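Reviewing the structure listed below.
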Amino acid sequence: MAELLKNRYNFERIHELAITIQGVYPAFQVDDFIKGVMDETWEDLPLKARMRQITVNLGKHLPAEYEEALSILDRVIESYPEGFSDFTLMYLPDFVEVYGQDEKDWELSMKALEKYTVFSSSEFAVRPFIIQHEQRMMKQMSRWATHDDPHVRRLASEGCRPQLPWGQALVSFKKDPSLVIDILEQLKSDPSLYVRKSVANNLNDISKTHPERVIELAKKWFGKNKWTNWVVKHGCRTLLKKGNHEILALFGFVDGDRVIIEEFTLETNSLSIGEAIVFSFGIEVNEPTKIRLEYALDFVKANGKRNRKIFQISEISLEANSKRRYIKAYTFKDLSTRKHYPGMHSITLIVNGVERERADFDVTAVE
């Protein structure tokens with residue numbers, strides 16, 4: 001199992017940080033800093049709270065003058081090799097967020113956010129600046145969108161995502177994403193996949209509140225080049241899962257009725273939590289057809305209601321008189337992100353956005 005990111009904020013790293021700071025600022029109190037960070041609350045703190053605890057204690061032990069404190073952190077950053085990047089260093093941009101929002105510090109803070117994002121990410125730290133100074137900050141984001149470094153260009157997109165996970169929601173952009181779209185226009189054909197992923201994720205955020213805007217952009221952008229095509233496809237993934245016919249048609253997923261479904265069957269009609277539901281089916285086409293196959297699981301929730309999740313099976317283009325057969329499985333194993341409950345569930349096969357076959361099955365509690 002992958003290590004939790006919060007656990008990478010550990011004694012070894014915090015001690016290393018303290019020693020590095022003391023190397024450029026001899027007055028830094030290493031033991032007091034570590035004690036302040038790793039206090040009695042530390043073990044119970046989630047990721048961002050640990051990051052903030054480091055930030056606050058940096059503020060206590062670095063010089064009170066913001067510019068002087070930044071100059072020390074800048075020298076700390078210089079100790080890392082070129083190309084080094086680690087999200088655990090996000091306490092650096094967080095320091096800017098906490099201590100650098102005064103008007104007199106604006107230029108210093110912008111330079112620091114730009115510098116620190118290369119070594120970690122300033123995606124969370126820019127958001128309070130956007131909320132407090134929307135027009136001014138979005139002009140800065142637009143300038144970053146033309147930067148030579150892909151980490152900085154990514155910040156221009158990632159920092160203004162309306163619904164960035166773990167980040168402050170940008171309510172204004174949920175209501176009107178126009179300023180965000182201006183940034184995405186600049187980055188939609190970026191040569192860096194790191195940047196394009198952010199653009200696509202931003203576009204997907206917008207599709208949840210303004211689907212019509214994203215449909216309009218998709219039609220405008222698609223077909224320009226392979227990079228933009230990838231952004232559009234990945235950015236429209238929620239619309240595709242919702243079976244939006246305009247988006248499905250844009251990518252050629254039409255005429256789903258050409259697809260003949262054969263022997264859609266479940267291996268069992270009853271299973272226990274922890275076991276897998278296995279289903280199989282065949283498809284056949286008499287004409288050349290582009291096909292998007294998905295299945296929906298309608299899960300029983302704790303309150304007895306149902307919650308649907310859609311899973312992609314494949315996207316294929318079949319020649320005339322072609323056949324394919326599929327066997328798929330979903331395991332009802334409890335995860336940190338999903339808990340399963342007993343009751344009657346259902347599975348539905350979806351072809352080009354249209355529900356075609358459905359079967360019910362019973363999930364029982366483990367005895």
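Numbering starts at 1 and runs along the sequence shown. Just so we're clear, the structure is a prediction, and the values are computed from it rather than from any experiment.
- Counted by atom type alone, Thr88 and Arg13 present one or more donor-acceptor pairs between their side chains at under 3.5 Å.
- Between the CD1 atom of Ile181 and the CG atom of Leu203 there is a distance of 8.0 Å, given to the nearest 0.5 Å.
- Cation-pi geometry between Lys233 and Phe251 is met: the NZ or CZ atom falls under 6.0 Å from the ring centre, inside 45° of the normal.
- Looking only at distances, a side-chain donor or acceptor of Thr289 sits under 3.5 Å from a matching main-chain atom of Glu287.
- Listed for the Ser71 side chain is a donor-acceptor partner under 3.5 Å among the backbone atoms of Glu68.
- Defined by atom type and a distance below 3.5 Å, a donor-acceptor pair is missing between the side-chain atoms of Trp42 and Gln53.
- Residues Glu158 and Ser121 have side chains that never bring a donor and an acceptor to within less than 3.5 angstrom of each other.
- Between Tyr326 and Tyr295, the gap from one ring centroid to the other reaches at least 6.0 Å.
- Tracing side-chain contacts under 4.5 Å through hydrophobic residues (I, L, V, M, F, W, Y), one reaches Leu297 starting from Val363; they form part of the same cluster.
- In this structure, Arg308 contributes its side chain and Asp298 its backbone to no donor-acceptor pair below 3.5 Å.
- Classified by interplanar angle (parallel below 30°, tilted 30° to 60°, perpendicular above 60°), the ring pair Tyr9/Tyr91 is tilted.
- In the model, His147 has no side-chain atom that pairs as donor or acceptor with a side-chain atom of Asp149 under 3.5 Å.
- With Leu73 as the partner, the side-chain contact (heavy atoms from CB on, under 4.5 Å) test is satisfied by one option alone out of Leu62, Val96, Val24: Leu62.
- The cationic group of Lys328 does not satisfy the cation-pi geometry with Phe279, failing either the under 6.0 Å distance to the six-membered ring centre or the 45° limit from the ring axis.
- In this model, a donor atom of one side chain and an acceptor atom of the other lie less than 3.5 Å apart for Tyr116 and Asp74.
- No side-chain donor-acceptor contact under 3.5 Å links Thr146 and Gln186.
- Between Phe129 and Trp106, the angle of the ring planes goes over 60°, which puts this pair in the perpendicular group of the 30/60° scheme.
- Defined by atom type and a distance below 3.5 Å, a donor-acceptor pair is present between the side-chain atoms of Tyr66 and Ser109.
- The shortest non-hydrogen separation linking Met141 to Val126 is CE-CG2, 4.2 Å.
- Taking the six-membered ring where the residue is Trp, Phe11 and His15 present parallel rings, their angle staying beneath 30° rather than reaching 60°.
- Judged by distance alone, with hydrogens and angles left aside, the side-chain atoms of Ser314 form no donor-acceptor pair with the main-chain N or O of Leu293 at under 3.5 Å.
- Taking 4.5 Å as the limit, some side-chain heavy atom of Ile291 sits within range of a side-chain heavy atom of Asn352.
- Hydrophobic clustering, with ILVMFWY side chains joined whenever heavy atoms are under 4.5 angstrom apart, groups Ile19 together with Val37.
- Under a 3.5 Å cut-off, the side chain of His340 and the backbone N or O of Ala365 do not form any donor-acceptor pair.
- Here the CG-CH2 distance, from Asp190 to Trp227, works out to 8.0 Å after rounding to the nearest 0.5 Å.
- Cation-pi contact between Arg338 and Phe299: present, with separation from the ring centre below 6.0 Å and deviation from the ring axis of at most 45°.
- The line from CE of Met138 to CG of Leu179 is 5.5 Å long, rounded to the nearest 0.5 Å.
- With hydrogens and angles ignored, the 3.5 Å screen pairs no side-chain donor or acceptor of Asp102 with any backbone N or O of Asp105.
- Rounded to the nearest 0.5 Å, atoms CG (Leu239) and CG (Leu248) are 9.0 Å apart.
- Proximity of a side-chain donor or acceptor of Arg292 to a complementary backbone N or O of Gly252 within less than 3.5 Å is not detected.
- In this structure a side-chain-to-backbone donor-acceptor pair under 3.5 Å is missing from Asn204 to His234.
- Taking CD from Gln140 and CG from Leu155, the interatomic distance works out to 9.0 Å, rounded to the nearest 0.5 Å.
- Under the 6.0 Å distance and 45° angle rule, Lys48 counts as a cation-pi partner of Phe124.
- Asp255 contributes no side-chain N or O that, together with a main-chain N or O of Arg258, makes up a donor-acceptor pair within less than 3.5 Å.
- In the hydrophobic clustering of this structure, Ile34 groups with Tyr25; members are Ile, Leu, Val, Met, Phe, Trp, Tyr whose side-chain heavy atoms approach within less than 4.5 Å, directly or through other members.
- Gln29 places a side-chain N or O within 3.5 Å of a backbone atom of Ala27 that can act as its donor or acceptor partner.
- Here Asp148 pairs with nothing under the side chain to side chain contact (heavy atoms under 4.5 Å, CB included) rule; sequence neighbours left out.
- Expressed to the nearest 0.5 Å, how far CG of Leu164 lies from CG of Asp205 amounts to 7.5 Å.
- Surrounding NZ of Lys309 are at most 12 heavy atoms belonging to other residues, nucleotides or ligands under 6.0 Å away.
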